[in-house]
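Beneath this line is the structure, given in structure tokens, with notes to follow.
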2 protein chains.
Amino acid sequence: MATANIKEVARHAGVSLGTVSNVLNRPDTVAPATRQRVLDAITTLGYVRNDSARQLRAGHSRTVAIVVLDVANPFFTDVVRGAEQVVEEAGAMLVVCNSGEDSARERRHLELLEEQRVRGVLITPVGHGPQPNLDKLIDRGIPVVLVDRGTGRANRCSVAVDDVLGGRLAMDHLLDQGHHRIAYLGGPLSIAQVADRHAGAAAALEERDSGAELRVAVTGSLTVAAGRRAAEELLALPARQRPTAVFCANDLIALGVLQELTARGLRVPADVAIVGYDDIEFADAAAVPLSSVRQPRDQLGRTAAQLLLEEAEPGDAHRHRHVVFQPELVVRRSSDHPRRARR
Amino acid sequence: MATANIKEVARHAGVSLGTVSNVLNRPDTVAPATRQRVLDAITTLGYVRNDSARQLRAGHSRTVAIVVLDVANPFFTDVVRGAEQVVEEAGAMLVVCNSGEDSARERRHLELLEEQRVRGVLITPVGHGPQPNLDKLIDRGIPVVLVDRGTGRANRCSVAVDDVLGGRLAMDHLLDQGHHRIAYLGGPLSIAQVADRHAGAAAALEERDSGAELRVAVTGSLTVAAGRRAAEELLALPARQRPTAVFCANDLIALGVLQELTARGLRVPADVAIVGYDDIEFADAAAVPLSSVRQPRDQLGRTAAQLLLEEAEPGDAHRHRHVVFQPELVVRRSSDHPRRARR
DNA sequence: CCGGCTGGATGAAACGTTTTAGCCGCTATA
DNA sequence: TATAGCGGCTAAAACGTTTCATCCAGCCGG
């Protein structure tokens with residue numbers, strides 16, 4: 001019942017224990033005949049290598065961890081899938097931990113991961129302050145790569161997406177379509193992403209000097225319901241002041257806006273154009289397919305994992321890098337309706 | 001740099017190595033003064049327990065694995081969250097593995113997990129055939145709990161949701177609302193869930209003997225696009241034959257139907273009522289909030305984890321159990337419009 | 001015939017815990 | 001006063017690998 005160990009395999013094959021280990025780890029250094037005998041013994045005994053012992057000897061494990069803010073958030077699930085891919089290609093294993101935006105849980109996870117001597121940690125940390133836990137990990141020699149947060153740190157790598165650029169893309173597109181009264185919907189502004197996207201939009205508007213105006217409506221959250229409420233407010237405006245286009249801080253808000261507007265008899269994009277952010281799966285499936293700014297989510301995960309593995313590689317000195325990806329505007333029906341320029 | 005070990009802590013605190021271990025594992029058996037000295041040594045040295053060594057000694061790890069078909073599927077993410085909760089309460093750690101519906105990857109994961117001597121495995125296996133990998137695990141004494149698949153096996157626990165009942169609930173509701181021409185939309189029927197939900201609906205109809213008729217439209221997939229196409233087909237029927245209610249095998253199809261119908265000028269639920277299945281987050285956020293059959297997803301994860309931990313508990317003989325949960329109908333606007341009975 | 005080399009195998013140390021048996025000094029009991 | 005018991009601690013074995021220093025036999029060149 002108790003699984004066979006390497007010693008029993010050795011006895012069964014009539015070789016020494018070290019030879020079995022060699023068969024497992026350096027098969028070419030052992031004579032074909034003996035190798036085969038050992039392999040046979042392994043299969044007949046159903047031997048399975050004990051990773052704890054291997055790790056103990058090696059001093060570290062072959063697993064990489066990713067700590068996300070929410071396992072159920074499509075953004076992170078895509079990042080996970082990307083990371084998974086490269087980690088598995090490297091013969092390691094990716095374990096997914098969920099902090100649930102709770103820093104106590106995050107800390108507990110990091111402690112456990114440290115006890116496990118993981119090879120490295122990909123993490124989107126809770127909050128924005130200093131990160132003593134992460135510094136501790138790094139001090140201990142466990143590489144850490146930040147995902148979509150705090151690009152600036154010197155002692156670790158990071159990957160992120162340029163949200164300011166994302167805001168610019170959306171705004172440039174709407175200006176190109178001839179809009180002059182545009183709204184930005186999103187909040188709270190304390191979320192870096194929300195603020196950055198707005199900053200990008202504002203900067204783009206400024207630079208164009210087109211005389212267009214940007215109205216900002218701060219929402220309490222990034223949900224469909226918040227989008228509906230925001231749309232109601234827009235509808236309360238006199239028609240002449242009402243924006244002809246809205247740029248939303250994420251797709252949930254955009255979908256809420258879309259629903260409310262169509263429910264009230266406005267046509268999208270003819271009366272109001274909409275651009276969302278994130279390009280979630282439903283963007284394409286909405287009643288009016290939604291234009292959206294897409295982030296290269298799986299690539300975020302992939303390069304994060306690559307940076308980590310590179311850093312974990314022994315030998316060559318590693319230089320920390322901060323990779324910033326560029327988002328991409330996906331134009332669909334919700335904003336595809338150029339209007340004659342007028343002012 | 002290399003992390004301090006228990007021996008150094010002992011030396012630093014002027015005690016024996018075993019005493020340090022006692023402080024860590026049975027603090028009450030060591031005198032307060034010594035205990036404090038050891039704790040101080042631990043913090044000043046920054047000692048972190050080496051889990052590999054602990055596991056090696058213990059013979060098994062303190063982690064539980066869950067292998068899902070798709071990390072990005074909301075169903076599984078909720079199951080994961082549920083499982084996570086109870087596993088963490090038990091002081092263990094949950095690692096999430098993604099098979100991606102690929103049996104090779106599933107096998108590889110199981111092999112690695114076995115090498116790690118995990119405490120147990122929660123899994124929704126790929127495919128429906130026999131499961132030699134799982135049997136192997138069980139032979140080795142690693143408990144396995146099936147999630148939402150293959151309830152019948154004798155050598156393992158399982159948790160599932162009664163999809164036949166779900167079909168009944170939806171159908172009963174529509175019949176209660178006075179509908180007589182009803183359609184079931186979903187496919188392919190090779191998916192057990194799709195077939196079960198249909199079976200339940202058909203059985204409910206049969207039992208009521210109301211003279212109502214059920215039209216089945218098999219779709220190629222469970223997507224929004226498939227729902228749209230199915231709705232088009234319904235619209236092509238002469239109005240007198242057109243169903244006044246549709247029950248969809250999942251919410252994506254239902255949303256597609258909703259979009260297509262409203263786009264073509266039909267009102268939901270006045271002209272056509274819709275009931276979906278799964279109660280995904282968007283069901284409530286749709287243009288017309290969608291009635292849906294809800295599965296207790298996180299509870300599925302929670303009890304799966306509980307069964308597993310119970311089985312992993314040494315000592316008392318464990319009896320395998322097969323827990324079947326009952327789904328629940330959530331009525332929202334999309335089907336809330338009773339029509340006068342007529343035939 | 002001898003020394004050196006090489007492919008192939010061996011034995012033992014080491015990794016860092018947990019656990020068990022045992023030791024020591026003290027107190028309470030007879 | 002002897003003894004049993006006990007609290008508090010120590011020493012050592014064991015967990016299953018990997019790796020490193022050795023060793024052995026055979027072979028080749030000198």
Side-chain angles (χ1 to χ4, degrees), chain A residues 1-39 41-42 45-63 112 114-118 140-141 314, chain B residues 1-39 41-42 45-63 91 112 114-119 140-141 314:
Chain A
M1 183 62 31
T3 322
N5 60 17
I6 215 176
K7 204 187 309 186
E8 297 182 42
V9 173
R11 193 157 43 83
H12 197 272
V15 298
S16 91
L17 169 163
T19 302
V20 177
S21 178
N22 281 333
V23 170
L24 260 31
N25 302 303
R26 297 177 222 70
D28 38 318
T29 71
V30 29
T34 11
R35 190 196 312 156
Q36 193 53 51
R37 248 186 313 144
V38 171
L39 290 177
I42 286 180
L45 291 178
Y47 166 76
V48 172
R49 186 206 251 114
N50 184 325
D51 206 45
S52 322
R54 193 231 271 266
Q55 278 185 39
L56 174 58
R57 189 73 232 278
H60 59 79
S61 78
R62 273 154 45 254
T63 74
L112 283 181
E114 195 178 344
E115 288 191 4
Q116 315 217 22
R117 305 293 193 267
V118 289
R140 285 245 158 52
Chain B
M1 181 62 32
T3 322
N5 60 17
I6 214 176
K7 203 187 308 186
E8 297 181 43
V9 173
R11 192 157 45 83
H12 198 271
V15 298
S16 91
L17 167 164
T19 301
V20 177
S21 178
N22 280 334
V23 170
L24 259 31
N25 302 302
R26 300 177 221 67
D28 38 319
T29 70
V30 27
T34 10
R35 191 196 313 155
Q36 194 52 52
R37 247 184 315 142
V38 171
L39 290 177
I42 287 180
L45 290 177
Y47 167 76
V48 172
R49 202 214 301 284
N50 183 325
D51 205 45
S52 321
R54 191 231 272 264
Q55 278 184 39
L56 174 57
R57 188 74 232 278
H60 59 79
S61 79
R62 272 155 45 257
T63 74
L112 283 180
E114 194 178 344
E115 288 191 3
Q116 315 217 20
R117 304 294 193 267
V118 289
R119 201 60 178 275
R140 286 243 158 52

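Within every chain, numbering begins at 1; the chains are lettered A, B, ... in the order of the sequence lines, protein sequences first and strands thereafter.
- Within the 4.0 angstrom heavy-atom criterion, only backbone atoms of the sugar-phosphate kind lie near N25(B); the bases stay farther away.
- For the atom pair CG of L24(B) and OG1 of T19(B), the computed distance is 11.5 Å after rounding to the nearest 0.5 Å.
- The phosphate of dT18(D) (OP1 or OP2) has a side-chain N or O of R49(A) nearer than 4.0 angstrom.
- Side chains of D51(A) and R117(B) form no contact here, defined as non-hydrogen atoms less than 4.5 Å apart.
- Among dT18(D), dT10(C), dA9(C), the nucleotide with an atom closest to any side-chain atom of V15(A) is dT10(C).
- Distance, K7(B) NZ to dT10(D) P: 15 Å, rounded to whole Å.
- One finds no side-chain N or O of S16(A) lying less than 4.0 angstrom from the OP1 or OP2 phosphate oxygen of dA9(C).
- Between T34(B) and A31(B) the shortest heavy-atom distance is OG1-O, 2.9 Å.
- One can place CD of Q55(B) at 12 Å from C1' of dG16(C), the figure rounded to the nearest angstrom.
- Looking at R49(B) and N5(B), their side chains never bring a donor and an acceptor atom within 3.5 Å of each other.
- Comparing V20(B) and R37(A), the nucleotide of DNA chain C nearest to each residue sits closer to the 5' end for R37(A).
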Q) What is the per-nucleotide protein-contact pattern of nucleotides 20-27 of chain C, from the 5' end, where B denotes a base atom under 4.0 Å from a protein heavy atom, S denotes such proximity for sugar-phosphate atoms only, and - denotes neither? A) --------
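- At the phosphate of dT10(C), OP1 or OP2 sits under 4.0 Å from a side-chain N or O atom of T19(A).
- We find that CG of D51(A) is positioned 17 Å from P of dG16(C), with the value rounded to whole Å.
- When the side-chain nitrogen and oxygen atoms of T29(A) are compared with OP1 and OP2 of dA9(C), none of them lie within a distance under 4.0 Å.
- Atom CZ in R117(A) sits about 8 Å away from atom P in dG16(C), given to the nearest Å.
- Between the P atom of dG16(D) and the CD1 atom of I42(A) lies a distance of 16 Å, rounded to the nearest Å.
- Q55(A) approaches S52(B) most closely through the heavy-atom pair OE1-OG, 3.1 Å.
- Atom CD of E115(B) is separated from atom C1' of dT17(D) by 12 Å (rounded to the nearest Å).
- In this structure, N50(A) does not reach the dG16(D) phosphate: none of its side-chain N or O atoms is under 4.0 Å from OP1 or OP2.
- Nearest heavy-atom pair, I6(B) versus Y47(B), reported as atom, atom and distance to 0.1 Å: N-CE1, 3.6 Å.
- Nearest heavy-atom pair, G46(B) versus T3(B), reported as atom, atom and distance to 0.1 Å: O-CG2, 4.2 Å.
- The two residues A41(A) and A13(A) have their closest heavy-atom pair at CB-CB, 3.9 Å.
- Of all nucleotides listed (dT18(C), dG16(C), dG8(C)), dG8(C) comes nearest to the side chain of A31(A).
- The nearest whole Å value for the distance from the CZ atom in R57(B) to the C1' atom in dA14(C) is 17 Å.
- In this structure, S52(B) reaches neither bases nor backbone, as no heavy-atom distance under 4.0 Å exists between it and the strands shown.
- Nearer the 5' end of DNA chain D, as judged by each residue's closest nucleotide, is the contact made by D28(B), out of L56(B) and D28(B).
- Nucleotide dG7(C) holds its P atom 15 Å from the CZ atom of R35(A), rounded to whole Å.
- The residue among L17(B) and L24(A) whose nearest nucleotide of DNA chain D is located toward the 5' end is L17(B).
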